[in-house]
A.B. asks: 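Once you've had a glance at the structure underneath, I'll fire off some questions.
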2 protein chains.
Amino acid sequence: MKARRDVFQAIADPTRRAIIGLLAKETLTLNTVADNFNMSQPAISKHMRILTECGLVVIVKQGRERHCSASFSALQEVAQWAAQYRHFWSNRLDTLEQLLNE
Amino acid sequence: MKARRDVFQAIADPTRRAIIGLLAKETLTLNTVADNFNMSQPAISKHMRILTECGLVVIVKQGRERHCSASFSALQEVAQWAAQYRHFWSNRLDTLEQLLNE
DNA sequence: TTTTTACTAAACCAAATGGTTATATATCAT
DNA sequence: ATGATATATAACCATTTGGTTTAGTAAAAA
């Protein structure tokens, strides 16, 4: 697995986006997260590792359990990247879209 | 290559994000785009195909040239997905809001 | 102390990704 | 008609991805 994680690459996977969605509601243990998906616990463990490596999830060890919480500040990079192009779809359509919609 | 394209997966690659950045300034032919990167023309052709498949780029054939323009409405999905978690990092909301209101 | 439980780590695998080079094709210029 | 240009397509390749199963380990429960 790659050493340095990128948040854009982390959210590319739908399972990982779903994990973030779950953790937005509440902190969950790794196994509880895994219960929500149709895949093995080690698979979720791997996804969780990717999410922690880019700062989207923080894991707190509590006994034998791993309590996973989302850390949304890492999403700012994504939000800002998308937002820089916002004027292209907000006030007006870009010229090409205008052409296509005619 | 996968049949159905996902915008999250499309923007996961830094080269493709850079292409979007270029096309935000102006419409460019495929070769002109390729000139901006240290990779072959077929490589850019492939990236462009992924970008068109998820609606982020529209290509207009003009003679032997392919005029590529960004179509940013596909980014709304990304912006909205990130925005739903915005209140979690709202202490820095002012910065993002400034950006959005530009 | 023994056995569950919660998780990690390792070995493995098929498929996808991101690149290459070589070749084909259509259009434009001469 | 011939050659150059813009791009596509194909074949190929190494690496990454996303999953699996099978151990191992540490903590809790019995």
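Letters go in sequence order (proteins before strands), and every chain restarts at 1. Predicted, not measured: the structure shown is a model, and the values here were computed from it.
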A.B. asks: To the nearest 0.5 angstrom, please state how far the CD1 atom of I19(B) sits from the CG atom of L22(B).
C.D. replies: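 If I round to the nearest 0.5 Å, the distance is 7.5 Å.
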
A.B. asks: For the atom pair CG (N36(A)) and CG (N38(A)), what is the distance rounded to the nearest 0.5 Å?
C.D. replies: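 Nearest 0.5 Å value for the CG-CG distance: 11.5 Å.
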
A.B. asks: How would you list all residue pairs meeting salt bridge (Lys or Arg N to Asp or Glu O under 4.0 Å) that involve residues 54-78 of chain B, not counting sequence neighbours?
C.D. replies: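 Pairs touching residues 54-78 of chain B that pass the test: none.
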
A.B. asks: Suppose we screen for side chain to side chain donor-acceptor pair (under 3.5 Å). Which residues come up paired with T32(B), at least two apart in sequence or across chains?
C.D. replies: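 Expected list: T29(B).
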
A.B. asks: Between dT17(D) atom P and I11(A) atom CD1, what is the distance in whole Å?
C.D. replies: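 Roughly 15 Å, once rounded to whole Å.
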
A.B. asks: Rounded to the nearest angstrom, tell me the gap between atom CZ in R16(B) and atom C1' in dT17(C).
C.D. replies: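 Taking atom C1' of dT17(C) as the reference, CZ of R16(B) is at 8 Å.
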
A.B. asks: Within this structure, what is the NZ-to-C1' distance between K46(A) and dA9(C), rounded to whole angstrom?
C.D. replies: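 Those two atoms, NZ and C1', are 10 Å apart.
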
A.B. asks: Rounded off to whole Å, could you give me the CZ-to-C1' distance for the R49(B) and dT17(C) pair?
C.D. replies: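 After rounding, the reported distance stands at 15 Å.
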
A.B. asks: Roughly, in whole Å, what's the span from NE2 in H47(A) to P in dT16(D)?
C.D. replies: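 Spelled out: NE2 on H47(A) to P on dT16(D) is 18 Å.
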
A.B. asks: Could you check how far CG of D13(A) sits from P of dG19(D), rounded to whole Å?
C.D. replies: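 Atom CG in D13(A) sits about 6 Å away from atom P in dG19(D).
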
A.B. asks: Working to the nearest 0.5 angstrom, can you tell me the gap between L56(A) CG and R5(A) CZ?
C.D. replies: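 The distance works out to 12.0 Å.
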
A.B. asks: I'd like to check the side chain to side chain contact (heavy atoms under 4.5 Å, CB included) partners of A82(A); sequence neighbours left out, ordered by chain and number.
C.D. replies: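 V78(B), A79(B).
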
A.B. asks: Treating primed atoms plus P, OP1 and OP2 as sugar-phosphate and everything else as base, which nucleotides of nucleotides 24-30 of chain C get B, S or - for protein heavy atoms under 4.0 Å?
C.D. replies: ---BB--

A.B. asks: Between H67(B) and dA6(D), is there a contact of a side-chain N or O with OP1 or OP2 at under 4.0 Å?
C.D. replies: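 H67(B) to dA6(D) OP1/OP2: no side-chain N or O under 4.0 Å.
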
A.B. asks: Could you tell me which residues satisfy side chain to side chain contact (heavy atoms under 4.5 Å, CB included) with A43(A), sequence neighbours excluded, listed by chain and number?
C.D. replies: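 Listed in chain order: M39(A), S40(A).
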
A.B. asks: To the nearest angstrom, how far is I50(B) atom CD1 from dA16(C) atom P?
C.D. replies: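 So the CD1-P distance, I50(B) to dA16(C), works out to 13 Å.
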
A.B. asks: Quick check on dT7(D): is either OP1 or OP2 less than 4.0 Å from any side-chain nitrogen or oxygen of S45(B)?
C.D. replies: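 Checking S45(B) against dT7(D): no side-chain N or O falls below 4.0 Å of OP1 or OP2.
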
A.B. asks: Sequence neighbours left out, what passes side chain to side chain donor-acceptor pair (under 3.5 Å) with S69(A)? Give chain and number order.
C.D. replies: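 S69(A): side chain to side chain donor-acceptor pair (under 3.5 Å) contacts with T27(A).
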
A.B. asks: Listed in order of residue number, which residues of residues 26-43 of chain B have a non-hydrogen atom at under 4.0 Å from DNA chain C?
C.D. replies: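 Heavy-atom cutoff 4.0 Å gives M39(B), S40(B), P42(B), A43(B).
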
A.B. asks: For residues 28-79 of chain A, which residue pairs pass the ring pair (Phe, Tyr, Trp, His ring centres under 6.0 Å) check, not counting sequence neighbours?
C.D. replies: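 Passing the test, one end in residues 28-79 of chain A: F72(A)-Y85(B), F72(A)-F88(B).
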
A.B. asks: Does a nitrogen or oxygen in the side chain of Q9(B) sit under 4.0 Å from OP1 or OP2 of dT17(C)?
C.D. replies: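 Looking at the OP1 and OP2 atoms of dT17(C), one of them is under 4.0 Å from a side-chain N or O of Q9(B).
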
A.B. asks: Who pairs with Q76(B) by side chain to side chain contact (heavy atoms under 4.5 Å, CB included), at least two apart in sequence or on another chain?
C.D. replies: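 Testing Q76(B) for side chain to side chain contact (heavy atoms under 4.5 Å, CB included), a comparison that skips the adjacent residues, returns W89(A), S73(B), Q80(B).
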
A.B. asks: Quick one: is dA8(D) close enough that its OP1 or OP2 comes under 4.0 Å of any side-chain N or O from R66(B)?
C.D. replies: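 Yes, such a contact exists.
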
A.B. asks: List the residues meeting side chain to side chain contact (heavy atoms under 4.5 Å, CB included) with R17(A), not counting sequence neighbours, and say none if there are none.
C.D. replies: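 Expected list: I11(A), P14(A), D6(B), F8(B), W81(B).
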
A.B. asks: Bend across the helix from dT1(C)-dA30(D) to dT30(C)-dA1(D), to 10°, with axes taken over 5 pairs at each end?
C.D. replies: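 Taking five pairs per end, the axes differ by 10°.
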
A.B. asks: Can you measure I59(A) atom CD1 to dT8(C) atom P for me and round it to whole angstrom units?
C.D. replies: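 Spelled out: CD1 on I59(A) to P on dT8(C) is 6 Å.
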
A.B. asks: About how many Å separate CD1 of I44(A) and SG of C68(A), when rounded to the nearest 0.5 Å?
C.D. replies: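 Going from the SG atom of C68(A) to the CD1 atom of I44(A) covers 10.0 Å.
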
